[in-house]
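Heads up, the thing below is written out as structure tokens.
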Amino acid sequence: MVVPGFVDAHTHPVFAGTREGEFEQRTRGATYLEISARGGGILSSVRGVRGASVEELLAQLLPRLDRFLALGTTTIEAKSGYGLTLEDELKSLQVLRAAAAVHPLEIVPTFLGAHDVPAEHRGHTSRYVDLLVHEMLPAVAQQRLAEYCDVFTEAHTFDLDDSRRILSRARELGLGLRVHADQLTPLGGAELAAEFGAASADHLENVSASGIDALLAAGTVPVLCPLVPLVLRQEREAPGRRMADAGLPLALSTDYNPGSCHCQNLHEALVFGALRYRLGAAECLTAVTLNAACSLGRGARLGTLEPGKQADFVLLDLANLEQLAYDFGRPLVRGVWKRGARVVG
Ligand code: NIG
Ligand code: FE
């Protein structure tokens, strides 16, 4: 079967070093928030990125990009967010730019300076938000290093008011918007994303009924990450079926990152999406192609195979569409083409 190249609309691929120790800690009962409160979690990756040079980060990123392509993903959205200083955020985005210049994978860069409050500003969130809106966002926009700005809107990171300041400034500077919304707690992140007309609201494990309505009215694409609650051992899952039934164009993503999902295989996310949310094969395929492309402002060029669009496609060892989530756990990709050129197989 030939399908459009997969589009992964939510990844955090610029990091140095892995965090398998936290996976083990959660196996023994620790929670994501406990690990984060102890200075692990995102902040442990921040220490890694701050200590790494552009060359070192690039050397770790490039094999990850090869792996995305080998797994059938031809476009990724890629966030910064493990630097959390002006210099280290710019460095992360420069690494993405350098990678995009030499690698066939298409990369859509997102500034996620609002991923967490770094150690030097803990307890002074508004001081860090000042830095984001007065220094970091203007520099990112001026150097055209990102297409989107994302915020991790959560009680322990950036609350609704902090997030509003960041999103307003980003919008003023001409960046598109994405929001990590209602992942760990029901804060009204989906409503916030809708209020700003964000391109996407991501995660949504704790989305409310009014949040679903708001996304629909705003045309904001829900980007779900079905592998993450599994890895974090959270029972709460996004109401994917309910959102699809409401008429929302679901996208499925890996959320590839060193903490909450060290998996680059979008087909794996698709399988879990199908199983956990009760999505059909056609819904799943659309969720990893056209809907994801639309959430990245690339729906007119990517995401389907039709005359006039870019020839990004994947040859899968499957007999028909209904086998898409049914046949899993073995290598399915037999070849990958980007812009009409064979890049894998
Ligand atoms: O999408 N939610 C915030 N960011 C990531 C986790 C990143 C990390 O733990 O390093 C996520 O799950
Ligand atoms: Fe994320």
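For ligands, and for the atoms within them, numbers begin at 1 and follow the listed sequence. For the numbers below, each heavy atom of this structure counts, side chains included, while hydrogens, waters and symmetry mates do not. Quantities reported herein were computed from a predicted structural model and do not represent experimental measurements.
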Kindly indicate whether a cation-pi arrangement holds for R64 with F15, taking the cut-offs as under 6.0 Å to the six-membered ring centre and within 45° of the axis.
yes
Taking N or O atoms only and a 3.5 Å limit, does S45 qualify as a polar contact for ligand 1?
no
Judged by non-hydrogen atoms, does Y82 sit under 4.0 Å from ligand 1?
yes
Would you call E154 a ligand 1 contact, heavy-atom distance under 4.0 Å?
no
Among all protein non-hydrogen atoms, which one is nearest to atom 2 (N) of ligand 1, and what is the separation to 0.1 Å?
Q183 OE1, 2.8 Å
Which of the atoms of ligand 1 are close to H180, meaning less than 4.0 Å from one of its heavy atoms?
1 (O), 2 (N), 3 (C), 4 (N)
Numbering the atoms of ligand 1 from 1, which are under 4.0 Å from a heavy atom of H203?
1 (O), 11 (C), 12 (O)
Please give me the minimum heavy-atom distance between V231 and S260, naming the atom from each residue.
CB-O, 3.2 Å
Flag this pair as yes if the NZ/CZ of R178 is under 6.0 angstrom from the six-membered ring centre of Y148 and inside a 45 degree cone about the axis; otherwise no.
yes
What orientation do H115 and H180 show, parallel under 30°, tilted 30 to 60°, or perpendicular over 60°?
tilted
If you count the atoms of ligand 1 from 1 in the order shown, which ones are under 4.0 Å from a heavy atom of I42?
7 (C), 8 (C), 9 (O), 10 (O)
heavy-atom search around atom 4 (N) of ligand 1 in the protein gives H115 NE2, 2.8 Å
If the plane angle is over 60° it's perpendicular, under 30° parallel, otherwise tilted; pick one for H12 and H10.
tilted
Heavy-atom nearest pair, V336 first then T74, reads CG1-CG2, 3.6 Å
Ligand-residue contact atoms, ligand 1 with Y32, heavy atoms, under 4.0 Å
6 (C), 7 (C), 8 (C), 9 (O)
Look at the rings of F313 and W337 and say which category their plane angle falls in: under 30° parallel, 30 to 60° tilted, over 60° perpendicular.
parallel
Could you tell me which non-hydrogen atom of R38 sits nearest to which non-hydrogen atom of A30, and how far apart they are?
NH2-CB, 4.1 Å
Heavy-atom nearest neighbour in the protein, as seen from atom 12 (O) of ligand 1, with distance rounded to 0.1 Å:
S260 OG, 2.6 Å
Looking only at protein heavy atoms, which one is nearest to atom 11 (C) of ligand 1, and how far off is it?
D255 OD2, 3.0 Å
Would you say the side-chain atoms of T254 and E268 include a donor-acceptor pair closer than 3.5 Å?
no
State, without any angle test, whether S92 and S80 hold a side-chain donor-acceptor pair at a distance under 3.5 Å.
no
Ring pair (Phe, Tyr, Trp, His ring centres under 6.0 Å) assessment of H156 paired with F152
CA-CA 10 Å; H156 75 291; F152 190 16; 5.7 Å; yes
Can you list the atoms of ligand 1 that are under 4.0 Å from a heavy atom of H10?
1 (O)
Excluding waters, how many protein N/O/S atoms sit closer than 2.8 Å to the Fe ion (ligand 2)?
4
Aromatic rings F68 and Y256: how do their planes relate, parallel, tilted or perpendicular, breaks at 30° and 60°?
perpendicular
